[in-house]
Amino acid sequence: MISADLAALSYAASAVLFILSIRGLSSPETAVSGNQLGMLGMAIALATTIAIIAPTLEPVTIGLIVGGIALGGFVGATLAQRAPMTDMPQLVGAFNALGGGASLLVAAAAFYAPASFSLNDSGGGISARSIVELCVSALLGAVTVSGSAIAFAKLNGNMKGAPILLPARHLLNIVLFGSIIGLTVLLAMSNGTAEWAFWAVVVLALVLGVTLIIPIGGADMPVVIAVLNSYSGWAAAALGFTLGNLGLIITGTLVGSSGAILSYIMCKGMNRSFFSVVLGGFGGDDVAAAASGGGEERPVKRGSADDAAFIMKNASKVIIVPGYGMAVAQAQHALKDMAQKLKDEGVDIAYAIHPVAGRMPGHMNVLLAEAQVPYDEVFELEDINSAFAAADVAFVIGANDVTNPAAKSDPSSPIFGMPVLDVENAGTVLFVKRSLGSGYAGIGNTLFYNDNTMMLLSDAKKMVEDIVKAL
Amino acid sequence: MISADLAALSYAASAVLFILSIRGLSSPETAVSGNQLGMLGMAIALATTIAIIAPTLEPVTIGLIVGGIALGGFVGATLAQRAPMTDMPQLVGAFNALGGGASLLVAAAAFYAPASFSLNDSGGGISARSIVELCVSALLGAVTVSGSAIAFAKLNGNMKGAPILLPARHLLNIVLFGSIIGLTVLLAMSNGTAEWAFWAVVVLALVLGVTLIIPIGGADMPVVIAVLNSYSGWAAAALGFTLGNLGLIITGTLVGSSGAILSYIMCKGMNRSFFSVVLGGFGGDDVAAAASGGGEERPVKRGSADDAAFIMKNASKVIIVPGYGMAVAQAQHALKDMAQKLKDEGVDIAYAIHPVAGRMPGHMNVLLAEAQVPYDEVFELEDINSAFAAADVAFVIGANDVTNPAAKSDPSSPIFGMPVLDVENAGTVLFVKRSLGSGYAGIGNTLFYNDNTMMLLSDAKKMVEDIVKAL
Amino acid sequence: MKFLTALLCAASLAMPAFAASSLQGVDATVFLVVIFVLAVFVGYYVVWSVTPALHTPLMSVTNAISAIVVVAAVIAAAATAGGAEVGRETWTARGLGAAAVFFASINIFGGFLVTRRMLAMYRKKS
Amino acid sequence: MKFLTALLCAASLAMPAFAASSLQGVDATVFLVVIFVLAVFVGYYVVWSVTPALHTPLMSVTNAISAIVVVAAVIAAAATAGGAEVGRETWTARGLGAAAVFFASINIFGGFLVTRRMLAMYRKKS
Ligand SMILES: NC(=O)c1ccc[n+]([C@@H]2O[C@H](COP(=O)([O-])OP(=O)(O)OC[C@H]3O[C@@H](n4cnc5c(N)ncnc54)[C@H](OP(=O)(O)O)[C@@H]3O)[C@@H](O)[C@H]2O)c1
Ligand SMILES: NC(=O)c1ccc[n+]([C@@H]2O[C@H](COP(=O)([O-])OP(=O)(O)OC[C@H]3O[C@@H](n4cnc5c(N)ncnc54)[C@H](OP(=O)(O)O)[C@@H]3O)[C@@H](O)[C@H]2O)c1
């Protein structure tokens, strides 16, 4: 047993270490040591808790705790080791579901053993206020579990990405939510004895998570995950208030802010409104993720791998613009080989990353890092956009929306106002994609028909490998 | 009387408003409303305090409080209205002294009326711990008062800027500091009855403030002010701990961080070590502020106002580099007229501000703003340094060190490593200053002797006015 | 700014509904230390976010807000003898307090108003 | 980073010497609310300071640290009946707690390790 003061300080210290671990991510140089600080923070938090409960431990509870940590640690470490980098969106979604599950289970446990959390009132029951708080935690946790599970399934391909529009789904959601509130009130009035009502809340909340998320298209899942991640952070902070734990409050707030900011960044990059997203308003203007292009038959210039190799060999500056298609095709390693070959020929190479290229924030950067592209060759939109005018070739691989000039010129376009990469300013634009089809936003790209554009229609990995051969 | 909970929340709310007021300064657009939030925060803090003490108020104490606020408000408002913009460094120093004075007086008052601050122990005296804390507050406050007063006098010209090196001053400071500690111990052991010892601490601390600051050259005063400002912030935070006041803790920390960061920025801009400054180590390498240049007689090209007008009229891009001399000469309005004339001739004008141009952070920006130069024509070093190569004329007015190429090329120079403006890359460099003398750092500037440099030797205001006439 | 405000408002609305139940044993100093540490982070970030062009107004506004010690000065100026007759000590405290109120008020009014005066001068290209 | 650390260390060394004397009447919830509000500021700034190139590791590391609920899960897994015989309710709480420990541990190990794996891939030009 340690003093309450020391325990509170230790929890706060671990929260400070978490802050520093996120701060470390401000540059790749400090990120690795930041991550270690995060691990240290978690170790301190766990050790503090063990120290607090030490006097009440019994062999069987020690077994449960050690067993849970060991088993969970093993599973987690294995997942972390095995997951391919292209699966990061799914993995984050899966972890998110587990985090929500943990919150849900903790709320349920607190319902059964209020005394362990000092939630019991004088009569031995649970106070109405604590019951409401626990139900809120359970609700948020359960929605996160099932919502993230759907997001995972859509991203991982276990479920079709297309939106599933249930009839009268808004009414359904309202009914579900109303029932949850009703059950919570009933539970609070029963002074916590109506066990079934608690589990009914959990079940309805799980259903609500599903009905909220299935109408949303698969390509929007990254935003869903960030928002659910944010919710789970605020849920942890709320639990921190209930349990009076500084570590939970600060850490939950960090996670909540992180999710909120990331979803804000994604929405801004995609030109959608933040509030429509937070309110779950994805339903209204769903876009089919794989909608195929809006094409009257206009002539395009098509090229082969040999053409591309010839053009780039004779260029002095090539800017590579990767997009979602590069991730799908897993073309990053071949791309790096191509860039190396070109560098050996004396060509200057840079990578231009749009803030929402790919399907999650930082997606392209991780894949390029995996292919050992040094991060100082990789530039953000605002740092490189003016350089296209001085480049001979823009090599656009699997990207589409992030180059679409409609965002600059066509006020009726759904992406009007979104910042885009000005690839058309380069001498020649090479587009590697499989068809003239559209991307995530489901709109055609007039660049394909420009005079200085050459389409390299093929799977991205195959095309780049052929170019490497031709070089 | 309001509840302790509500009072604590109100104080915290006012601190949050102060945070937002500083956050507003991240851009000139939000700064004005930010400042209003700050005023609101102060009003809330005052109102909260009045509400707390309301039951104990008597006519005479009401008079003291209202009188103090009214009189102080009148004096403050008058100073704020009257002070010319070129006197801002002094004004900040004077306010700093007053702030330190207020802290000192509060500590003294708490010594006489411990019960009002809940500092009395059960026996009615003051606990040893509170005495130590009050002495620390008094010490910091007193050093801030006298140190800032010296800084004010040096900046305002009431005192010569040259360092005053007392014999054995380090020993003297140590003796003073030791005596203060001894008196504090004595006072604590006397259970707070040795009134004389408290005042002896105050007097010695005032002397210490003087002996710490007089050895420092006048041009270094801005750093001194920032450091003392930081100290006064930490002192307020410490007082917050003593009195258990959240508002003081958070606000004091803000002020403390601000002073620390500003002195860090200045030190980095001047290429001095932060820790040598914080430890008060200005004594070692004092530089005479007005040291006159290191000149073997080498030929310089001199020019007249007519020459300058002719060159600039025919330029397509002129970059203006203001420095300390512009502030001394109060040339900002004339400069703006000149820029306007040139713009009318179709010349493209930009202003380049070095981070430590002038004598305090942001000094040049305020003066240019006063002359109604729009802030989007004013650029920071990193944003404009590459533009000199494309400019026809660099018009350097009263600046010297911030252009000195020795910082880039001469490892033995005291400013080696400091970032400088690459004015020599412009087609022609015009230097407006009164002589070939040096600036703050006291070192010669080889640019004066370059082929593409023309010296316009005159008072800055006069020269610019002549150029305006010639245009 | 808008985004931060939204975050703050949304979060503050949600939170005060909850209450700590198991923390009454913790000394208030612990909370103050945690608050102080978080304030250091906030101070660090918020000051670095100030644009260099506004560093002079930053100095004057920190002058103003550091006069928050006025709250302690007011308490001192209103010092009581706790029921007993008001003697020399209490009068001294009141006098010192009133002087502190005077000094701090100069800073408050002077600091905020000179900042306002400066900020009013910053103009965009018309 | 170094500067912030220096600020934090210097400040923390100085502070714990002081103690609140007049705050014991304030409810702990007040402090928690203040801490929460400051944490919102810190979260806002610290997350915006993350470079966009590391947004994916940011997501995985927040997965890991949100598993801080493990502290509550451990308490649940170690639930006691408060002296009485351990009955169904307590066993249920223990079982739920153990499952929560299991889930949270997956997040902790998985989150931190996958972040480490990603970060190890970011390299400067050699
Ligand atoms: N990054 C984020 O955080 C995030 C989150 C949510 C949504 N989004 C959205 O996602 C979009 C990202 O833009 P983007 O330019 O990266 O992608 P995009 O606009 O979705 O286009 C991807 C293109 O890749 C091509 N492609 C697919 N598989 C390929 C393969 N195996 N080989 C070659 N090409 C392939 C597709 O064309 P073909 O079918 O013709 O091959 C498609 O046009 C934006 O609209 C953004 O708003 C981003
Ligand atoms: N900004 C800050 O926060 C800060 C704080 C502390 C120290 N400093 C230091 O201050 C220096 C600032 O650099 P700086 O280039 O702005 O100034 P500087 O290097 O000090 O040079 C100012 C020049 O202005 C000239 N001058 C003075 N009065 C004049 C008048 N009436 N008319 C025309 N010219 C006049 C002087 O030359 P003549 O005598 O020949 O006329 C002098 O060489 C740096 O060394 C910096 O480290 C800055």
Side-chain angles (χ1 to χ4, degrees), chain B residues 18-19 22-23 25-26 28 30-32 35 39 42 45 49 53 56-57 61 64-65 68-69 71-73 75-77 79-80 88 92 95 98-99 101-103 105-106 108-109 112-113 115-116 232-233 236 247 249-251 253-255 257-258 261 361-362 365-366 369-370 374-376 380, chain C residues 1 36 39-40 43-44 46-47 49-56 58-60 62-63 65-69 71-80 82 89-90 92-94 96-116 118-119 121-125:
Chain B
F18 294 148
I19 295 173
I22 296 185
R23 177 171 166 71
L25 293 174
S26 59
T30 52
V32 175
N35 197 39
M39 296 182 195
M42 192 57 80
T49 311
I53 58 167
T56 64
L57 281 177
T61 53
L64 284 174
I65 293 168
I69 294 177
L71 218 65
V75 175
L79 280 176
M88 281 306 132
V92 168
F95 284 152
L98 293 172
S103 294
L105 292 170
V106 165
Y112 281 101
S116 299
S232 79
I249 293 178
I250 303 175
T251 313
T253 308
L254 283 181
V255 176
S257 311
S258 167
I261 290 173
N365 304 79
V366 176
E370 189 197 9
Y375 59 78
D376 36 8
E380 289 166 43
Chain C
M1 193 87 187
F36 171 71
V40 170
Y44 173 85
V46 85
V47 171
S49 79
V50 173
T51 167
L54 295 179
H55 274 160
T56 301
L58 171 65
M59 293 186 87
S60 59
T62 52
N63 269 325
I65 68 176
S66 73
I68 180 79
V69 289
V71 304
V74 164
I75 292 176
T80 56
E89 303 232 317
T90 308
T92 314
R94 285 179 178 181
L96 292 166
V101 171
F102 171 65
F103 282 3
S105 300
I106 298 182
N107 261 11
I108 295 173
F109 285 79
F112 280 124
L113 293 179
V114 84
T115 308
R116 188 170 74 174
M118 273 192 258
L119 293 176
M121 300 184 319
Y122 284 79
R123 289 228 178 70
K124 250 211 158 103
K125 220 177 292 190

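Note that the structure is a prediction, hence the values are computed from the model and not measured. Within every chain, numbering begins at 1; the chains are lettered A, B, ... in the order of the sequence lines, protein sequences first and strands thereafter.
Here the shortest heavy-atom pairing between C:Val69 and B:Ala236 reads CG1-CB, 4.3 Å. When every heavy atom of C:Ser105 is checked against every heavy atom of B:Gly73, the shortest pair comes out as CB-N, 3.9 Å. Of all non-hydrogen atoms in B:Val106 and C:Ala100, the two that sit nearest each other are CG2-CB, 4.0 Å. Nearest heavy-atom pair, B:Leu254 versus C:Gly43, reported as atom, atom and distance to 0.1 Å: CD2-CA, 3.7 Å. Scanning all heavy atoms of the two residues, the minimum distance from B:Ser257 to C:Val40 falls at OG-O, 4.3 Å. The shortest heavy-atom contact between B:Gly362 and C:His55 is N-CB, 3.9 Å.
Contacts between B:Thr56 and chain C at a heavy-atom distance below 4.5 Å involve backbone atoms as well as side-chain atoms. Both the backbone and the side chain of B:Ile19 come within less than 4.5 Å of a heavy atom of chain C. Using a 4.5 Å cut-off between heavy atoms, C:Ile108 contacts chain B through its side chain alone, with no backbone atom that close. With a threshold of 4.5 angstrom between heavy atoms, B:Met42 approaches chain C through side-chain atoms but not through N, CA, C or O. Heavy atoms of B:Ala115 lying under 4.5 Å from chain C are absent altogether. Only the side chain of B:Thr49 has a heavy atom closer than 4.5 Å to any heavy atom of chain C. Using a 4.5 Å cut-off between heavy atoms, B:Glu380 contacts chain C through its side chain alone, with no backbone atom that close.
Interatomic distance, C:Leu96 CG to B:Tyr112 OH, rounded to the nearest 0.5 Å: 7.0 Å. Here the CG atom belonging to B:Asp376 is positioned 12.5 Å from the CZ atom belonging to C:Arg123, to the nearest 0.5 angstrom. Distance OH/C:Tyr44 to CD1/B:Ile261: 6.5 Å, rounded to 0.5 Å. Note that CD1 of B:Ile22 and CD1 of C:Ile65 are 4.0 Å apart. Values are rounded to the nearest 0.5 Å. With rounding to the nearest 0.5 Å, the separation of NZ in C:Lys124 from OH in B:Tyr375 is 4.5 Å. Rounding to the nearest 0.5 Å gives a distance of 10.0 Å between CD1 of C:Ile68 and CD1 of B:Ile250.
Within the 4.5 Å cutoff, the side chain of B:Met39 has heavy atoms near those of the C:Arg116 side chain. Side-chain contact between C:Thr80 and B:Ile53 is absent, with no heavy atoms from C-beta onward closer than 4.5 Å. By the 4.5 Å heavy-atom criterion applied to side chains, B:Met88 and C:Val114 are counted as neighbours.
Your options are C:Ser66, C:Ala104, C:Ala98, C:Ala72, and the one with the most heavy-atom pairs under 4.5 Å with chain B is C:Ala72. Chain B forms the most heavy-atom pairs under 4.5 Å with one residue out of C:Leu58, C:Leu113, C:Leu119, C:Asn63, and that residue is C:Asn63. Interface remark: of the candidates B:Ser258, B:Ala31, B:Gly247, B:Ser258 forms the most heavy-atom pairs closer than 4.5 Å to chain C. Top candidate by heavy-atom pairs under 4.5 Å with chain C, chosen from B:Ile65, B:Val75, B:Thr61, is B:Thr61. In terms of heavy-atom pairs under 4.5 Å with chain B, the best-connected choice from C:Thr56, C:Val101, C:Val50 is C:Thr56. Of the listed residues B:Pro28, B:Ala102, B:Gly99, B:Ala45, the one with more heavy-atom pairs under 4.5 angstrom with chain C than any other is B:Ala102. In terms of heavy-atom pairs under 4.5 Å with chain B, the best-connected choice from C:Ala73, C:Ala78, C:Ser60 is C:Ala78.
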Verdict with reasoning, C:Met121 to B:Val366, per side-chain contact (heavy atoms from CB on, under 4.5 Å): CA-CA 8 Å; C:Met121 300 184 319; B:Val366 176; 3.9 Å; yes
Worked verdict on B:Asn365 versus C:Leu54 for side-chain contact (heavy atoms from CB on, under 4.5 Å): CA-CA 7 Å; B:Asn365 304 79; C:Leu54 295 179; over 6 Å; no
Verdict with supporting geometry, B:Ile69 and C:Phe109, side-chain contact (heavy atoms from CB on, under 4.5 Å): CA-CA 9 Å; B:Ile69 294 177; C:Phe109 285 79; 4.3 Å; yes
side-chain contact (heavy atoms from CB on, under 4.5 Å) between B:Leu105 and C:Phe103, worked out: CA-CA 9 Å; B:Leu105 292 170; C:Phe103 282 3; 3.9 Å; yes
